[in-house]
Q: 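Dumping the structure here so I can ask a few things about it.
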Amino acid sequence: MKKELPKTYAPKEFEDRIYQTWCEKGYFMPSADKSKPAFSVVIPPPNVTGQLHMGHALDETLQDILVRSKRMQGYSTLWVPGTDHAGIATQIKVEESLRVNEGLTRYDLGREAFLERVWDWKNKFGSRIISQLKKLGTSCDWSRERFTMDEGCSKAVREVFVNLYNKGLIYRGYRIINWCPNCRTALSDAEVEYSEQAGHFWHVRYPIKGTDQFLTIATTRPETMLGDTAVAVHPDDERYKDLVGKTLILPLVNREIPIVADEYVEKDFGTGCVKITPAHDPNDFEVGKRHDLPIIRIMNDDATISKDGGVYAGLDRYEARKQIVADLEKGGFLVKVEEYSHNVGTCYRCKTTVEPLTSDQWFVKMEPLAAPALEVVKNGSVKFEPERFSKTYINWMENVHDWCISRQLWWGHRIPAFYCDACGEMVVSKTDVHTCPKCNAPMRQEEDVLDTWFSSALWPFSTMGWPEDTEDLRRYYPTSVLVTGYDIIFFWVARMIFSAMEHTGEKPFDTVFIHGLVRDAQGRKMSKSLGNGIDPLEVIDEYGADALRFALASGNSPGNDMRFSTEKIEAARNFANKLWNASRFVLMNMDEETPYGLPAVEELATEDKWILSRFQKLTKEVGSNLDKFELGVALNAIYDFSWDVFCDWYIELTKSRLYDKTSKSAKNAVRVLGYILVETLKLLHPYMPFITEEIYQALPHDEESIMISRFPVYDEALLFPEEEENMERVIETIRAIRTRRAEMNVLPSRKTKLFIVTKHSEAFRAAEGFFIKLAGASEVVFTDAFKDEGAVGIVTSSATVYIPLADMIDLDKEKERLAKELEKTEGEISRIEKKLGNEGFVAKAPAAVVDGERAKLAKYRETEKKLHEELKKLENL
RNA sequence: GGAGGCAUAGCUCAGUUGGUUAGAGCACUUGCUUCACAUGCAAGGGGUCACAGGUUCGAGUCCUGUUGUCUCCACCA
């Protein structure tokens, strides 16, 4: 059984090998055992041609921790992997490569040829992100890998589209939408990001027809005046009341436009007069509808002025702005220009300023869909973790507008609407329609494709085979947890919830586990343009996937951003290294016959029972924190136990027993060492899968792989409160001795005699070897009353230890220290006395708390007494 | 304009439903070639828990307000 571990921890030597073994053994697939409870997760599909970044690394690490721990806890786990076609993002990349390499645009190629290129691109890069996920150690069931544009997902998309259309929940209409002139497509509200930008506020006067008077309007976008079809004032505004109904002459254009009254206008903002451009402003669009104003669209899809812009036609929007301002000034229409800072909408993909404009688009009617999606969160059926994000969600869902789902792209799910140019018939159908059912003329399919998020919204059920009634759906849907960042609650989470409610009649998941962003060491967002991103693959290459995962999981608290730095990775690697070496130590002390498992309880030493007891407490803490999604807290507990309790204390405590490896005591010690180590590795495995497996395989173990071993559970039979307490007393005393020796500058090599006076003499006598090995003792004498005045006393709550005074002891320093400690103890005593003297406390606090305080008081009083004695002794010298 | 987060050691952060003397990592100081590990061991210094009130026997923890800071939503042209 016994194996060797290489002397140095070199994750590169085993991570890939282990991952391959797991795959070959089929450990990532759900259990065939139908009696096991189900735990399922669908991966937030990364962009098919994307590259793994820290955000992914965090997201996948958290999911893998959940999935691996559930798997070990006896669940049949299913983690569905896959990728997203990412309409705009992918199309932009391919267009860019076309432009750079061949000097072509997509229009040069035409739709079909261009799409072939995108598929080539997808086939070339689609596996890259998947292999990067594997590097991380993710335990997805790769046999179920999906793609949002594969056959099944496409079928689900059509099914959903047609269902919604037939219910009147999808409609086509001429509305004002957000347009990205660079991507040349419509965007949904969620895809527009607002940023504060410096601009100008131009005050322009519009002549009132038939008079020599003017009305002054203020605008930040003078070029849109070409499309003005009215000027609005507030109905109650005394200044302009008489002018409502009169006609203005639009400067430069010389078109006649009415003055209308509308409550949308803020009297106190600007001049109180608003130019109304229904084709290029969402609010103006609404005003236009109310007053039945014409809509004049003066901009083309590429943001140049259209033919309706008269002499300005063909100019870019910013060129036109310049020209128009100049012309207004020339014509004497410009009153003044103010500096002005305002929010400008930009495209979330390319950051180009979006242009609101009117256009024929497809929309999802949100109101009826939002209601059940709200209900399911409000009644707690879908829980957000942390809870506060449900508020974000509810607020958004309650104010949601209709969703613009058509995109003027080529890469995506083409909308299944078919038009007959001959008779004007339109058919929406799950299957392609080639001839018009009315007139038999050929039909053409809608050019537009669907918003990428339309297909991602179906991901939890489309990946499980919906609309077919599949076994996966029955067993694993609704899914258990969805893990994602707070930045895509609106894009994705919200849409999954209402889509699932509408199409499956069920919620898509029980819990949404939200995490924050990974920031750089200075707290800045990692971004390509800043160049401050840390590449997870480079980290894996240098430190190993386990170190990366540890660094991401430790100190990560739900919903909060985290900082990532090389110091953190180094700390993680150091921990891995520590485990590695501790394991080497344990292995070194084993022989071929060392079995897995504990010796009989009667054969356990005090320190064995102590570590077993401590381990039970760890198990409980880890389990409850995993349940609460406090993954970082659970990991910290494992870290502290492994390093402080196991390595720094337990291993050291066993060393004296291990000198004679053939002894029964040594054999038992080694078994406990091996057992605690293996069980700790199990707790750690979800976080650091590779190193734990590698060590597990080298040690005596219970299962074929740690991945499928049983997660430790709290076992009261392995709690030994008495031994635990005794061991803590000894440890406390050893620490106190070490502290004193350090204070007195006693060299570690200098051994001293120890006299120990204690009520717990049995426990201390049993620990004699520990004082010799760990507290620098040459000899330990147990006595009831120590008389020698020439010694320094060390007082702990359970013992007083005397070290004969040697010449290296600084008397004054020692007195000072004792006095300080006495003062501290007296402070504590008076604090507790005050507390106990407080009738309210004694009467109202729980009895256990009051008793605890009383016990503490007694302990402190005893300590105080001993300290007094010590001080007196020193003063007599 | 609305909502929310954060504020604890020099730095980064923990701190469960209020209950010992507020913790960790990194950094710092001191001492250690102790035969698993210097990617280490031992010991130490360092905090008015942003500020002001309140609730309570008891507040880092709950409530109110203030200040600072970050984020999201809305979009007054």
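Predicted, not measured: the structure shown is a model, and the values here were computed from it. Within every chain, numbering begins at 1; the chains are lettered A, B, ... in the order of the sequence lines, protein sequences first and strands thereafter.
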Q: Distance check, C1' atoms only: B/G23 and B/U66, in whole angstrom units.
A: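 Nearest-Å result for B/G23 against B/U66 at atom C1': 29 Å.
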Q: Determine the interatomic distance between P on B/A43 and the same-named atom on B/A50; round to the nearest Å.
A: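 Those two atoms are separated by 30 Å.
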Q: Of the nucleotides B/G15, B/C37, B/C57, which one has an atom closest to the side chain of A/E630?
A: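 From the listed options, B/G15 comes nearest.
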Q: The criterion is side-chain contact (heavy atoms from CB on, under 4.5 Å); which residues satisfy it with A/E286, sequence neighbours excluded?
A: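 Testing A/E286 for side-chain contact (heavy atoms from CB on, under 4.5 Å), a comparison that skips the adjacent residues, returns A/K289, A/R290.
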Q: Rounded to the nearest Å, what distance is computed from the CG atom of residue A/L673 to the P atom of nucleotide B/C37?
A: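 So the two atoms are 16 Å apart, to the nearest Å.
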Q: Categorize A/Y264 for me: base, sugar-phosphate, or nothing, with a 4.0 angstrom heavy-atom threshold over every strand shown.
A: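 Here A/Y264 touches the bases of the nucleic acid.
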Q: Could you tell me how far apart A/K844 (NZ) and B/U56 (P) are, to the nearest whole angstrom?
A: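 It works out to 8 Å between those atoms.
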Q: Mind calculating the distance between CG (A/N399) and C1' (B/C75) to the nearest angstrom?
A: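 Taking CG of A/N399 and C1' of B/C75, I get 13 Å after rounding.
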Q: Which of these nucleotides, B/A43, B/A74, B/C73, is closest to any side-chain atom of A/F490?
A: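 From the listed options, B/C73 comes nearest.
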Q: Roughly how many Å is it from CZ in A/F641 to P in B/G23, rounded to a whole number?
A: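 So the two atoms are 21 Å apart, to the nearest Å.
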Q: If every non-hydrogen atom of A/K578 is compared with every non-hydrogen atom of A/D648, which pair is closest and at what distance?
A: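 Minimum heavy-atom separation between A/K578 and A/D648: NZ-OD1, 4.1 Å.
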Q: Taking A/A198's backbone N and O only, do any of them form a donor-acceptor pair with A/S341's side chain (distance below 3.5 Å, no angle check)?
A: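 Side chain of A/S341 to backbone of A/A198, a donor-acceptor pair under 3.5 Å: no, none is there.
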Q: Can you say whether a donor on the side chain of A/N395 sits under 3.5 Å from an acceptor on the base of B/C73, or the other way round?
A: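 Donor-acceptor pair under 3.5 Å: no.
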Q: Picking from B/G44, B/A74, B/G19, which would you name as closest to the side chain of A/N343?
A: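 Minimum distance to the A/N343 side chain belongs to B/A74.
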Q: Distances for protein N/O vs nucleotides 26-36 of chain B N/O pairs under 3.5 angstrom?
A:
residue : atom : partner : partner atom : Å
B/A36   : O2'  : A/N581  : OD1          : 3.1
B/A36   : O2'  : A/R584  : NH1          : 2.9
B/A36   : N7   : A/K655  : NZ           : 3.3
B/A36   : N6   : A/C647  : O            : 3.4
B/A36   : N6   : A/E652  : OE2          : 3.2
B/A36   : N3   : A/N581  : O            : 3.3
B/A36   : N3   : A/A582  : N            : 3.2

Q: Give the rounded distance in Å between these two atoms: CD1 of A/I734 and C1' of B/A43.
A: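 For the pair A/I734 CD1 and B/A43 C1', the rounded distance is 15 Å.
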Q: Students often get this wrong, so: under 4.0 angstrom with heavy atoms, is A/K856 touching a base, only sugar-phosphate, or nothing?
A: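 Base contact.
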Q: Return whichever of A/N625 or A/K568 has its heavy-atom-nearest nucleotide of RNA chain B closer to the 5' end.
A: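 It is A/K568, whose closest nucleotide lies nearer the 5' terminus.
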Q: Has A/R549 got a side-chain atom pairing as donor or acceptor with A/Y687's backbone, closer than 3.5 angstrom?
A: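 Present.
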Q: Between B/C35 and B/A14, how far apart are the P atoms? Round to whole Å, please.
A: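 Approximately 38 Å lies between the P atom of B/A14 and that of B/C35.
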Q: Counting any heavy atom closer than 4.0 Å, what does A/P282 reach on the DNA or RNA strands: base, sugar-phosphate only, or nothing?
A: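 No contact.
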Q: Any salt bridge between A/K275 and A/D228, counting N to O under 4.0 Å?
A: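 Between A/D228 and A/K275 there is a salt bridge, with a charged N closer than 4.0 Å to a carboxylate O.
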Q: Between B/U16 and B/U61, how far apart are the P atoms? Round to whole Å, please.
A: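 Straight-line distance between the two P atoms is 11 Å.
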Q: Rounded off to whole Å, could you give me the CZ-to-P distance for the A/R524 and B/U71 pair?
A: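 To the nearest whole Å, that distance equals 14 Å.
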Q: For A/E570 and B/G25, give me the distance from atom CD to atom C1', rounded to whole Å.
A: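 One finds 13 Å between C1' of B/G25 and CD of A/E570, rounded.
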Q: Between A/H342 and A/V849, which is nearer to the 5' end of RNA chain B once each is assigned its nearest nucleotide?
A: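 The residue mapped nearer the 5' terminus is A/V849.
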Q: Taking OP1 and OP2 of B/G4, is either one under 4.0 Å from a side-chain nitrogen or oxygen of A/K391?
A: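 Checking B/G4 against A/K391, a side-chain N or O does come within under 4.0 Å of OP1 or OP2.
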Q: If you count the non-hydrogen atoms of other residues, nucleotides and ligands that lie under 6.0 Å from CG in A/D627, is the total more than 12?
A: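 Above 12, so yes.
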Q: So which atom in A/L857 and which in A/L836 form the shortest heavy-atom distance, rounded to 0.1 Å?
A: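 Heavy-atom minimum between the residues: CD2-CD1, 3.9 Å.
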Q: Given B/A14, is OP1 or OP2 found less than 4.0 Å from the side-chain N or O atoms of A/S557?
A: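 Result: yes.
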Q: Nearest heavy-atom pair of A/G227 and A/P278: which atoms, and what distance?
A: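 Minimum heavy-atom separation between A/G227 and A/P278: O-CD, 4.1 Å.
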Q: Just checking A/F550: base, sugar-phosphate only, or nothing, at a heavy-atom cut-off of under 4.0 Å?
A: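 No contact.
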Q: Are any of A/Y486's side-chain N or O atoms less than 4.0 Å away from OP1 or OP2 of B/G4?
A: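 For A/Y486, the contact criterion (side-chain N or O under 4.0 Å from OP1 or OP2 of B/G4) is not met.
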Q: Any base atoms under 4.0 Å from A/W643, or only sugar-phosphate, or nothing? Heavy atoms, all strands.
A: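 Result for A/W643 = sugar-phosphate.
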Q: Under 4.0 Å, counting only non-hydrogen atoms across every strand here, what does A/S565 touch: a base, just sugar-phosphate, or nothing?
A: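 Result for A/S565 = nothing.
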Q: Has the side chain of A/R563 got a donor or acceptor atom sitting under 3.5 Å from an opposite partner on the base of B/U12?
A: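 There is none.
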Q: Tell me whether the count of non-hydrogen atoms from other residues, nucleotides or ligands lying under 6.0 Å of NZ in A/K661 goes above 12.
A: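 Check passes, neighbour count above 12.
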Q: When rounded to the nearest Å, what value does the distance between P atoms of B/C13 and B/G65 take?
A: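 B/C13 and B/G65 have their P atoms separated by 27 Å.
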Q: Tell me what A/F575 touches on the nucleic acid: a base, only sugar-phosphate, or nothing, going by heavy atoms under 4.0 Å.
A: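 The residue A/F575 makes no contact with any strand.
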Q: Name the nucleic acid region contacted by A/R573, choosing base, sugar-phosphate or nothing; use a 4.0 angstrom heavy-atom cut-off, strictly under.
A: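 Base contact - A/R573 has a heavy atom under 4.0 Å of at least one base atom.
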Q: B/U12 and B/G18: how far apart are their P atoms, nearest whole angstrom?
A: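 Those two atoms are separated by 29 Å.
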Q: In whole Å, what separates the C1' atom of B/G45 from that of B/C28?
A: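 8 Å, rounded to whole Å.
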Q: Please report the shortest heavy-atom distance between A/F575 and A/F550, naming the atom on each side.
A: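 That closest heavy-atom pairing would be CD2-CE1, 3.4 Å.
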Q: Using Watson-Crick and G-U wobble pairs whose two distances are both under 3.5 Å, how do you write the pairing of RNA chain B as dot-bracket, with | for links to another strand?
A: (((((((..((((.....[...)))).(((((.......))))).....(((((..]....))))))))))))....
Q: Is the NZ atom of A/K751 crowded by more than 12 outside heavy atoms at less than 6.0 Å?
A: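 For A/K751, atom NZ is crowded (more than 12 foreign heavy atoms under 6.0 Å).
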Q: Quantified in whole Å, what is the C1' atom distance between nucleotide B/U48 and nucleotide B/U33?
A: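 The answer is 45 Å between these two C1' atoms.
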Q: Considering only NZ, NE, NH1 and NH2 on the basic side and carboxylate oxygens on the acidic side, decide whether A/E732 and A/R729 come within less than 4.0 Å.
A: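 So A/E732 does not pair with A/R729 through a salt bridge.
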Q: Can you check the A/E853 CD to B/C57 C1' distance for me, whole Å?
A: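 Rounded to the whole Å, the gap is 11 Å.
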Q: Base, sugar-phosphate, or nothing: which does A/N636 touch, judged by heavy atoms less than 4.0 Å apart?
A: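 Contact class for A/N636: none.
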Q: Could you report the tightest heavy-atom contact between A/S195 and A/T346, atom names first, then the distance?
A: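 In terms of heavy atoms, the two residues are closest at OG-CG2, 4.3 Å.
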